Amino acid sequence: MVSVKDLQYTYSKAITTMRFPDFDIQAGEHSLLLGESGGGKTTLLHLIGGLLQSQKGKIELDGVNIAALSAVQLDQFRGKKMGFIFQKNHLINTLTVKQNLLAASFFAGNPADPQRAVEILEELGLADKLNSKVTELSVGQAQRVAIARAVMNKPALILADEPTSALDDKNCEKVISLLLKLANHSWATLLVATHDQRLKERLNRQIELKSTEINRA
Amino acid sequence: MSIFSLVWSYLKAKPLNTALNIFLLSLGVSVITLLLVVSRQLEERVANNTKGIDLVVGAKGSPLQLILCNIFHIDFPTGNINLREAEKLANHRLVKNAIPLALGDSYMNFRIIGTSQAYAELYQAELQTGDWWKEELEVTLGANVAALSKLQMGSTFESAHGLTKEGHAHEESKYKVVGILKPTGSVIDNLILTQITSVWHVHEEGEEKSNMNQPLSLKLIPGYQLKDSTKEITALLIKYKNPIAAIQLPRLINTQTNMQAASPAFESARLFTILGSAKTVLMGLAYLLVFISALSIFIALYNSLKERKYDLAIMRSMGASRFKLWSSMVLEGISLTFLGTIGGLLLAHLMLFVFIQTIGDKTGLAPFQLYIEEAFLLVGGVLLGLLCSLLPAWQAYRTDIHKVLAGN
């Protein structure tokens, strides 16, 4: 499903290069990406998600080397294959809950599927919020809508960046459960980048990012 | 969900800003449109009303006043001219034909014009009902007069002395309506036409004087025998026989008679030059308004980039291409200017309509006539939107999604 090999990334003004460990993730093998803050978790996650383009090394997703894709192809690939969840929900405030979900299909170039939007919201216990404004939701509800949006296009891979670190134990438990449930329902593989130790009990596969910086050649 | 509903949601999220931007542009566009429509229609009407008239001859005074009074019927006469002299001129070899006009009275602000049938023919006026005026004190009404004065076939009325409502009524002689004209779109719609002798009749007390040895048959007033050498009319409308007349006749009249000749073409061109500078000032003001609204739209779009940083990045993460973000921003700018332009066009025609309603329709302006230039304005509006949104759209295009999404 995901295969990372010899991957390196250098920020334009940095004096060091980040080097990432090689790893493979099988389909359905939900995984944690662990490491200290500032240790390159987000960078790696964005590289895998194609939000950032690597300079060296290879990232294969479903057999596709994403480093070889053009910018437009990468946008399309991302829309069809991946869902993103961030620490903040980043919902579009001017749209309703339903429109936010339909926007995911629209930007991915998929036909609108309101039926699926309703089903996911039902699964998340938010069916009554379908036509609510995003600004009327509580933080927890908004984060669940963001999860719904991430699975809207039936992605093969869900990339989550610190989805629970701002939540208390109860909500953390709830969010990770929902994430796992929805990922399983839509046959998606979950990759969670976090320093949140609470998640270790729920996801068995763990990829540890150690201090990997090397001096720039 | 479409790019239109996305753009609309952003516009709707800031209703006051959106409304202000649209309104500002509407205001500018409406002034431009108003100037365009009014000056176009004025030019058309001037061309319509001066058709077939090469020269107006009247009493000495302001040439512009002579034209305004005797062709457009808006100013007062410069005075009277002697009928015998006018007749002499009408028989000049360079004159193809001459139409006499005698002004002096009005009814409910509509002028009563003593003239010949040739005057109606000049404007290709046709009868709606009834007949042409034939006898003294018979009148044929222009279409607007009939519509607004409530006079009907067979109605009689007293004229008021002078060209405004306040003049004292001539109670002793009553005019009788014998015909009503079809609308022509020219000044004749607002006139009441009659015999020249009717106008004299209303103003004369007692018997007609006779101070000439031999009564004179007139070309100007067929069938009338002139016995009084002091008889006067207001003006003559002259059509030249050939182009040489344009050079010789005005000079001849202005230097060798105590009458004055004025060319409608020349005087209306002069009038438009005077109006033209006012138009230029207003136009400049209108373009300033358009510029300010464009600036305001640009600033609104540019500022919104900061607020929408995350929206833009998240859209990209969901698969939107850079170009899609670019086009949504451009579409937003274009939507604002398109609505503003449409609003401006509507506003202009509506203002003209209200203006015409308030002053009573004697101007003959058509408030809802559209011109091809308005389509150009619409295209210009769309281009303006593109121009305002190019820089914000470029910024949206190059959003660094990694930086934005990692930076929380």
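First the proteins, then the strands, lettered A, B, ... as listed; each starts at 1. These numbers come from a predicted model, not from an experiment.
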- Query: Do B/Ser186 and B/Asn48 have a side chain donor and acceptor closer than 3.5 Å?
  - Reply: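 Distance-only check fails for B/Ser186 and B/Asn48.
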
- May I ask you to test the A/Arg149-B/Met318 pair for a side-chain heavy-atom distance under 4.5 Å?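 Yes, their side chains come closer than 4.5 Å.
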
- For chain A, which residues from residues 8-23 of chain B lie under 4.5 Å away (heavy-atom distances)? B/Ser9, B/Tyr10, B/Ala13

Toward chain B, the part of [X] with a non-hydrogen atom under 4.5 Å:
X	result
A/Ala112	neither
A/Leu91	backbone
A/Phe84	side chain

Would you mind writing out the side-chain donor-acceptor pairs for residues 30-37 of chain B within the sub-3.5 Å range, not counting sequence neighbours?
residue: B/Ser30; atom: OG; partner: B/Ser26; partner atom: O; Å: 3.3
residue: B/Ser30; atom: OG; partner: B/Leu27; partner atom: O; Å: 2.8
residue: B/Thr33; atom: OG1; partner: B/Val29; partner atom: O; Å: 2.7

- Message: Does atom CD (A/Gln55) have a neighbourhood of more than 12 heavy atoms from anything else shown, all under 6.0 Å?
- Response: yes

Does the ring center of [X] lie less than 6.0 Å from the ring center of [Y]?
X	Y	answer
A/Tyr11	A/Tyr9	yes
B/Tyr397	B/Phe323	no
B/Phe298	B/Tyr302	yes

- Name the member of A/Ile92, A/Thr94, A/Leu47 that forms the most heavy-atom pairs with chain B at distances under 4.5 Å.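 Most heavy-atom pairs under 4.5 Å with chain B: A/Thr94.
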
- Message: Can you tell me which of A/Thr43, A/Thr42, A/Leu52 forms the most heavy-atom pairs within a distance under 4.5 Å of chain B?
- Response: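 Greatest number of close heavy-atom pairs with chain B: A/Leu52.
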
- Item | Carboxylate-amine/guanidinium proximity below 4.0 Å for A/Lys56 and A/Asp6 | no

- Message: Classify the ring geometry of A/His46 against B/His402: parallel below 30°, tilted from 30° to 60°, perpendicular beyond 60°.
- Response: perpendicular

- Item | Partner chain A: residue of B/Lys324, B/Arg322, B/Arg316 with the largest heavy-atom pair count (under 4.5 Å) |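 Looking at each of B/Lys324, B/Arg322, B/Arg316 in turn, B/Arg316 comes out on top.
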
